[in-house]
Student: 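Attaching a single structure in structure tokens format; questions to follow.
Labels below follow one simple rule: chain letters A, B, ... track the order of the sequence lines, proteins then strands, and each chain is numbered from 1.
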Amino acid sequence: MANVISNVALVPGIYVMKIEGTFKGEMGQFYMLRSGTGYPLLPRPISIYDIGDEDISFLYRVVGEGTHLFSQLQSGQEIQLEGPFGNGFPQVEGSLALVGGGMGTAPLLLAAKHYPHAHVYLGFAQQAFGVDAFEAVAASVQVRVGGSIVEKVDPHLYANMFSCGPTPMLQALAMKTAGSSSRLYISTERHMACGIGACLGCTMHTRGGNKRVCKEGPVFPVEEVDFDDLHGV
Amino acid sequence: MANVISNVALVPGIYVMKIEGTFKGEMGQFYMLRSGTGYPLLPRPISIYDIGDEDISFLYRVVGEGTHLFSQLQSGQEIQLEGPFGNGFPQVEGSLALVGGGMGTAPLLLAAKHYPHAHVYLGFAQQAFGVDAFEAVAASVQVRVGGSIVEKVDPHLYANMFSCGPTPMLQALAMKTAGSSSRLYISTERHMACGIGACLGCTMHTRGGNKRVCKEGPVFPVEEVDFDDLHGV
Amino acid sequence: MISMACNIAGVPFKNPIIMASGTFGFGREYAEFYSPELLGGIVGKGLTLHPKAGNTGSRIHETASGMLNSVGLENPGVAAFLKDELDDMTRWNTAVIANVGGSNLEEYVQAVAMITENAQKRRTMNRRGVDMLELNISCPNVKQGGMQFGIQTEVARDVVRQVRNVTALPLVVKLSPNAENITQMAVMCEEEGADGVSLINTFSAMKIDIRRRRSVFTNTYAGLSGPAIKPIALRMVHQVAQAVSIPVIGMGGISSVEDIIEFTMAGAAAIQVGTYNFVHLHAGAELVYGLEQWMQREKVQTLDEIRGIL
Amino acid sequence: MISMACNIAGVPFKNPIIMASGTFGFGREYAEFYSPELLGGIVGKGLTLHPKAGNTGSRIHETASGMLNSVGLENPGVAAFLKDELDDMTRWNTAVIANVGGSNLEEYVQAVAMITENAQKRRTMNRRGVDMLELNISCPNVKQGGMQFGIQTEVARDVVRQVRNVTALPLVVKLSPNAENITQMAVMCEEEGADGVSLINTFSAMKIDIRRRRSVFTNTYAGLSGPAIKPIALRMVHQVAQAVSIPVIGMGGISSVEDIIEFTMAGAAAIQVGTYNFVHLHAGAELVYGLEQWMQREKVQTLDEIRGIL
Ligand SMILES: Cc1cc2nc3c(=O)[nH]c(=O)nc-3n(C[C@H](O)[C@H](O)[C@H](O)COP(=O)(O)OP(=O)(O)OC[C@H]3O[C@@H](n4cnc5c(N)ncnc54)[C@H](O)[C@@H]3O)c2cc1C
Ligand SMILES: Cc1cc2nc3c(=O)[nH]c(=O)nc-3n(C[C@H](O)[C@H](O)[C@H](O)COP(=O)(O)OP(=O)(O)OC[C@H]3O[C@@H](n4cnc5c(N)ncnc54)[C@H](O)[C@@H]3O)c2cc1C
Ligand SMILES: Cc1cc2nc3c(=O)[nH]c(=O)nc-3n(C[C@H](O)[C@H](O)[C@H](O)COP(=O)(O)O)c2cc1C
Ligand SMILES: Cc1cc2nc3c(=O)[nH]c(=O)nc-3n(C[C@H](O)[C@H](O)[C@H](O)COP(=O)(O)O)c2cc1C
Ligand code: FES
Ligand code: FES
């Protein structure tokens with residue numbers, strides 16, 4: 001259990017929660033968060049948004065009961081969290097694009113801090129949020145609200161790309177990247193129970209066989225990903 | 001749903017919650033309160049402690065999950081409440097004693113306000129709370145911490161007595177009253193589901209047959225009460 | 001344009017939302033809070049031939065997303081129901097369903113015969129009577145060591161057959177999730193001429209008071225209801241709806257419009273709401289309004305469009 | 001002074017808290033967070049003779065105080081388990097239980113025979129092997145239209161008898177709450193020479209995605225576990241413990257020391273913890289410490305003092 005420092009809405013329904021303590025974690029890893037003592041039962045996987053010396057932050061959207069409970073937390077109240085889990089984004093050399101859609105922008109902030117030379121592309125369906133955090137650390141930030149952010153990205157310009165967002169966006173980016181020599185890593189999502197690789201609830205079918213999104217993932221090189229399986233759930 | 005105005009601990013584990021709105025209710029009646037959207041499922045019966053023009057207050061002890069959730073509410077947050085339910089204390093003539101033990105003091109405050117001439121007896125196992133509220137309105141307030149408050153009460157002095165508290169206390173008072181002409185009304189407790197008389201979950205066996213504590217009760221003339229049944233649950 | 005109406009065994013329901021037996025009294029208490037006429041129907045509390053005082057001791061215990069009850073069929077008996085409650089209930093423009101239990105075969109038959117006779121008499125006087133019977137076979141069979149009638153298909157067959165013999169009222173049999181084979185049970189009901197089945201009743205369950213080292217309930221076990229059992233109830237309704245062609249009334253933990261849609265997609269002709277009445281006093285009204293709004297939003301004209309689609 | 005130790009079918013457990021199959025992997029992942037040596041035992045994930053890829057599509061869905069899973073027995077197969085996992089598992093000083101399933105009788109028998117042979121071979125080499133077998137009869141019987149082996153007593157009898165024939169390892173049969181008659185099932189296991197029974201496995205249940213108008217799960221139904229089912233599990237354990245004299249291992253929603261005490265009072269020789277592992281990463285350690293504290297506080301020297309007292 002840890003204490004909430006602050007929990008504020010950036011735009012309606014999208015919050016940043018800052019939690020007190022010394023936490024570990026790399027770009028693309030996540031924590032399992034849980035609020036309250038009863039229902040919901042299972043903790044929720046949320047990517048690390050930012051880490052300070054004495055705090056950790058999460059950017060989340062209220063979609064159901066679990067995230068709703070998060071949004072009710074006030075500063076000083078307690079939250080259960082365990083982590084960091086997952087593989088995170090890899091260490092890469094050379095030019096890099098970070099392509100995020102909606103909530104998929106969350107795990108990219110740490111990457112932007114880690115690779116200040118990276119070009120950041122942020123797409124939002126209705127309303128942008130959290131752009132200034134990227135602008136504060138990144139060389140270049142392009143934003144699109146409505147339409148597809150993928151249209152703005154030219155894979156040929158980048159040795160590497162990290163992406164996270166809705167499956168159709170990821171798939172569009174994958175198709176656009178197919179002809180290029182750019183290496184694309186995408187962060188995937190699956191409903192999770194344990195978060196540590198024990199329950200096999202988050203298994204994803206990949207070209208390399210079954211993989212646990214919480215353990216071998218959530219980040220996979222695009223060649224491994226079976227988009228049919230991603231769409232299926 | 002209504003908004004919490006304030007929710008403060010009088011002593012550790014005992015809170016007064018004030019809720020905004022125009023509410024009805026008489027002494028000895030209760031509301032069904034529920035916090036949160038998931039678990040616990042069932043609302044909890046809590047006696048009216050005080051009513052103002054634009055607010056209602058409840059005095060409660062944290063015993064389990066439901067009351068724990070109440071204690072977490074901060075001012076401005078929402079709570080579900082329905083009422084007033086139950087019969088409440090009767091209108092009586094003549095001298096009156098109000099005898100409360102622990103949380104059983106809660107429903108007596110409105111009675112003390114209604115009958116300023118009443119003598120108030122308050123017993124507590126470990127630590128007194130809420131005594132000043134009675135002292136502000138009642139002619140006489142006697143308090144005992146540890147031991148039995150019943151020892152201080154002489155039923156012969158009173159035409160009527162209202163009592164609420166742990167079953168052993170109620171039974172002791174009933175036995176002491178048996179010889180006198182004092183009419184004793186006690187407020188009983190039962191686990192409740194509906195609170196309005198529909199589910200028969202709170203049925204109590206009385207000398208007048210089955211009674212619903214939420215509807216025909218919670219206040220019964222002591223002659224009707226079957227103490228074996230009260231102890232049994 | 002949108003119609004929530006449905007028809008079960010010839011009885012018209014203005015919408016598929018029916019209040020479940022034992023959770024809505026005979027409607028009177030809730031009528032102080034909203035009009036029962038909003039509802040598709042009301043199942044009255046479980047009746048037995050003779051009045052019953054019900055169980056002693058604790059009757060209610062909350063569990064994780066559920067509740068245990070051990071009311072023990074406290075009820076005024078059929079005669080008092082017909083005399084004191086039915087006039088009030090039939091005054092509302094909503095379907096009136098009588099839920100009938102018994103501790104032996106004869107009690108079931110006599111209780112049903114009395115209600116049927118009453119309904120006929122009222123009809124000749126041009127007065128509404130009970131619209132439908134719901135047969136509760138989850139009662140302990142006193143002659144057979146207290147095992148419920150609703151566990152074994154052949155034991156239950158006797159009850160359904162004999163009751164069917166004495167009534168022409170629309171007859172729905174309420175199935176127990178404790179049944180050895182609930183699908184077989186439903187098929188049996190269809191074979192014996194029941195007009196429909198409703199499911200599920202409560203699960204036999206237990207809570208131990210570890211401090212007192214005894215069961216919380218005098219009868220050791222009690223009945224589990226509420227959202228906790230919904231996933232199992234939905235599976236059972238789906239299975240039964242595939243196995244019979246008579247209407248299936250689904251219930252078990254229903255607490256939202258989404259739940260109603262799920263049961264409907266699983267094949268339910270109508271649904272019942274029990275425990276949720278205790279969670280929100282206005283549950284029935286809330287769900288009726290909510291269902292209408294959902295249909296509007298989703299452009300579903302009648303629930304037939306989605307009924308049993310999987 | 002206080003001892004939590006117990007002995008089931010000759011296998012010593014340092015305490016009655018065992019991690020349930022499918023919820024604890026083979027222990028390795030949780031071992032990063034606390035020592036498995038704290039635990040009474042670990043049941044490994046369900047094994048089948050051949051490796052299985054498990055089900056496609058969604059595998060997890062949360063319900064009110066419970067969860068549905070449709071993992072579909074993804075596992076590396078018996079041979080890989082014996083080769084890659086067992087050495088690590090047996091290095092911990094805690095009982096190692098292998099959970100075995102199958103899609104037909106022969107698969108069960110061969111899988112059990114392989115594990116038994118391996119245990120014997122290891123013993124001759126003075127190495128620890130599998131301490132106990134847990135037979136999961138809640139597997140779909142491919143030859144009989146996919147109905148689980150564990151539903152009908154006589155179908156399950158075949159499996160238990162044949163497996164008993166090929167193994168001298170302590171054998172516990174894990175019962176399904178979907179069984180037509182779980183007490184009868186337990187009695188059958190005792191008759192066929194099982195050394196114990198464990199219960200309950202998950203309830204067959206359902207969740208419909210109303211937006212996509214289909215089941216959330218590729219296999220339509222999935223298994224319900226967690227606190228939601230605890231009251232039913234407790235009742236079943238109580239019934240079974242009264243009916244057999246072999247040890248009963250209780251499980252289903254256990255999430256607190258109070259739950260453990262309840263199952264023990266209902267007659268459980270030991271208990272298993274499944275879903276709660278996901279709720280709190282340190283669930284096992286927390287419960288072991290908590291149980292010890294409770295015994296100290298309540299002055300209970302051994303759990304025998306309270307076992308089966310009602
Ligand atoms: C590795 C990973 C990182 C994530 N990072 C973030 C983040 O930084 N910010 C953010 O807002 N969201 C993130 N998500 C999604 C987030 O976990 C879900 O939105 C959240 O679990 C929804 O819970 P709920 O109770 O509010 O919604 P409900 O829909 O009520 O949840 C019901 C069930 O569905 C599961 N669920 C629902 N949506 C998802 C989903 N997209 N992924 C996984 N499980 C889901 C829940 O865990 C729960 O079991 C991440 C998911 C994963 C797998
Ligand atoms: C008419 C009436 C008036 C009451 N007034 C007050 C009051 O003013 N202040 C106050 O602190 N308490 C009052 N109580 C008791 C209060 O309802 C319980 O303390 C509360 O329900 C406990 O809920 P929980 O979830 O915290 O506890 P848990 O023990 O977790 O509750 C579990 C279950 O037990 C029930 N329960 C537990 N204790 C009681 C009890 N004593 N009476 C009824 N149900 C119980 C709960 O409703 C719930 O169903 C009153 C009870 C009744 C019947
Ligand atoms: C307090 C209570 C009393 C009940 N009494 C009856 C009854 O008399 N007859 C009956 O057939 N079912 C009875 N039931 C079962 C309900 O009608 C319903 O089948 C069950 O509760 C499942 O639905 P739910 O989860 O929506 O409550 C009762 C349930 C509760 C909670
Ligand atoms: C994700 C998951 C996987 C499971 N896999 C198995 C399995 O492989 N074999 C088995 O016998 N039981 C399996 N179970 C059932 C559990 O071992 C246990 O019987 C059940 O979950 C009830 O306990 P619980 O409520 O504590 O979880 C699984 C349960 C879950 C939640
Ligand atoms: S969430 Fe359990 S294995 Fe990934
Ligand atoms: S609580 Fe339902 S009748 Fe009293």
Side-chain angles (χ1 to χ4, degrees), chain B residues 1 24 31-45 63-69 79-86 167 188-216 226-233, chain C residues 19-33 42 44-46 51-76 207 209 212 214 216-218 222 225-228 253 255-256 274-283:
Chain B
M1 300 294 263
K24 291 198 212 133
Y31 273 71
M32 296 291 280
L33 274 66
R34 184 162 175 270
S35 171
T37 49
Y39 176 82
L41 210 60
L42 301 176
R44 302 294 190 242
V63 301
E65 195 54 39
T67 47
H68 169 73
L69 278 192
I79 185 161
Q80 170 187 327
L81 80 170
E82 299 280 355
F85 300 138
T167 304
T188 58
E189 285 192 6
R190 264 302 201 280
H191 289 202
M192 293 182 177
C194 73
I196 62 167
C199 74
L200 305 188
C202 67
T203 296
M204 189 168 81
H205 179 254
T206 73
R207 283 162 221 273
N210 277 354
K211 294 280 164 77
R212 296 167 296 182
V213 169
C214 71
K215 191 83 181 177
E216 284 88 40
D226 172 356
F227 276 100
D228 285 348
D229 198 58
L230 258 197
H231 279 295
V233 288
Chain C
M19 299 300 108
S21 183
T23 67
F24 208 73
F26 296 110
R28 184 177 293 144
E29 291 81 9
Y30 282 96
E32 292 178 31
F33 301 96
I42 299 173
K45 76 177 62 152
K52 267 181 80 106
N55 293 333
T56 57
S58 279
R59 289 183 171 191
I60 297 280
H61 185 85
E62 187 162 347
T63 65
S65 296
M67 63 178 279
L68 294 166
N69 89 78
S70 178
V71 169
L73 275 184
E74 175 176 351
N75 82 92
K207 169 69 191 175
D209 180 337
R212 304 202 200 179
R214 62 171 211 207
V216 162
F217 298 102
T218 310
S225 63
S255 315
S256 67
T275 303
Y276 191 57
N277 285 304
F278 311 148
V279 179
H280 286 294
L281 195 52
H282 301 87

Student: Counting only heavy atoms closer than 4.5 Å, note whether B/Glu65 contacts chain C via side chain, backbone, both or neither.
Tutor: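 For B/Glu65, no heavy atom lies under 4.5 Å from chain C.
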
Student: Considering only heavy atoms from C-beta outward, does the side chain of B/Glu82 approach that of C/His280 to under 4.5 Å?
Tutor: no

Student: Return the set of residues passing ring pair (Phe, Tyr, Trp, His ring centres under 6.0 Å) with C/Phe24 (not counting sequence neighbours), or none when no residue passes.
Tutor: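 Scan of C/Phe24 (ring pair (Phe, Tyr, Trp, His ring centres under 6.0 Å), adjacent residues dropped) gives C/Tyr30.
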
Student: With side chains defined as the heavy atoms from C-beta onward, is the minimum distance between B/Met192 and C/Ile60 less than 4.5 Å?
Tutor: no

Student: Hey, does B/Ile79 have a side-chain heavy atom less than 4.5 Å from the side chain of B/Leu33?
Tutor: yes

Student: Please list, in residue-number order, every residue in residues 199-208 of chain B that has a heavy atom less than 4.5 Å from any heavy atom of chain C; write 'none' if there are none.
Tutor: B/Cys199, B/Leu200, B/Gly201, B/Thr203

Student: Could you work out, with salt bridge (charged side-chain N to carboxylate O under 4.0 Å, His left out) as the rule, every residue matching C/Lys52, not counting sequence neighbours?
Tutor: none

Student: Can you say whether C/Thr218 sits under 4.5 Å from chain B via the side chain, the backbone, both, or neither, judging by heavy atoms?
Tutor: neither

Student: Run the side-chain hydrogen bond (donor to acceptor under 3.5 Å, both in side chains) test against B/Arg44 and tell me which residues pass, sequence neighbours left out.
Tutor: C/Glu62

Student: Looking at C/Gly54, C/Ser70, C/Ala64, which has the largest count of heavy-atom pairs under 4.5 Å with chain B?
Tutor: C/Ala64

Student: Any side-chain heavy atom of C/Tyr276 within less than 4.5 Å of one from C/Ser225?
Tutor: no

